[in-house]
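Read the structure below first, then the notes.
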Amino acid sequence: MFFNIIFRRKKMNRTELIDAMAKKMGNSVTKKEVESALKSFVDVVTEELSNKGKIQLVGFGTFETSVRPAREGRNPRTGETMKIAESVVPKFKPGKALKDAVNN
């Protein structure tokens, strides 16, 4: 717990991300345009992953899906075993440039 208090990082929400992107781009675009671009990006990634596709942004990372096989689990409340169905989950694998930027 002490470690979490000392090293807690602020989380950026959608509004703060839009503000930061607009500021980074200067006076060339409005926050509305940035918000529209961000929404379009999220929509395209979601649609592509829904179709089992893959999006690779060189240096940044790769968005893809992975199949999580069916397995047995336990209900933590009752201890009863139960079957968990197979599912498709989204994954993000960071690129080298992003890893290097985060680690420096």
Separation between CD1 (I18) and OG (S36), nearest 0.5 Å, reads 10.0 Å
Residues in side-chain contact (heavy atoms from CB on, under 4.5 Å) with [X], at least two apart?
X	result
V29	M25, E33, V34
K32	T30, E35
R68	R71, S87, V89
E86	V67, A70

Would you mind writing out the side-chain donor-acceptor pairs for residues 95-104 within the sub-3.5 Å range, not counting sequence neighbours?
| from | atom 1 | to | atom 2 | distance (Å) |
| --- | --- | --- | --- | --- |
| K96 | NZ | D100 | OD2 | 2.8 |
| N103 | ND2 | K99 | O | 2.9 |
| N104 | ND2 | D100 | O | 3.2 |

Under a 4.5 Å side-chain heavy-atom rule over Ile, Leu, Val, Met, Phe, Trp and Tyr, are L49 and L57 clustered together?
yes
Taking every heavy atom of M12 against every heavy atom of A20, the minimum-distance pair comes out as CE-CB, 4.3 Å
Scanning both residues in full, the closest heavy-atom pair of G79 with R74 reads O-NH1, 2.9 Å
With side chain to side chain donor-acceptor pair (under 3.5 Å) as the rule and sequence neighbours excluded, what pairs involving [range] come up?
range	answer
residues 50-64	none
residues 19-29	D19-K31
residues 38-49	K39-D43

Hits for side chain to side chain donor-acceptor pair (under 3.5 Å) against E16, two or more places apart or cross-chain, chain-then-number order -> K10
Applied to residues 31-56, the ring-ring contact (aromatic ring centres under 6.0 Å, His included) test, sequence neighbours excluded, yields none
Hits for ring-ring contact (aromatic ring centres under 6.0 Å, His included) against F60, two or more places apart or cross-chain, chain-then-number order -> F92
_side-chain contact (heavy atoms from CB on, under 4.5 Å), that's the test. Do M82 and E72 meet it? Break it down for me._
CA-CA 6 Å; M82 54 192 248; E72 274 196 8; over 6 Å; no
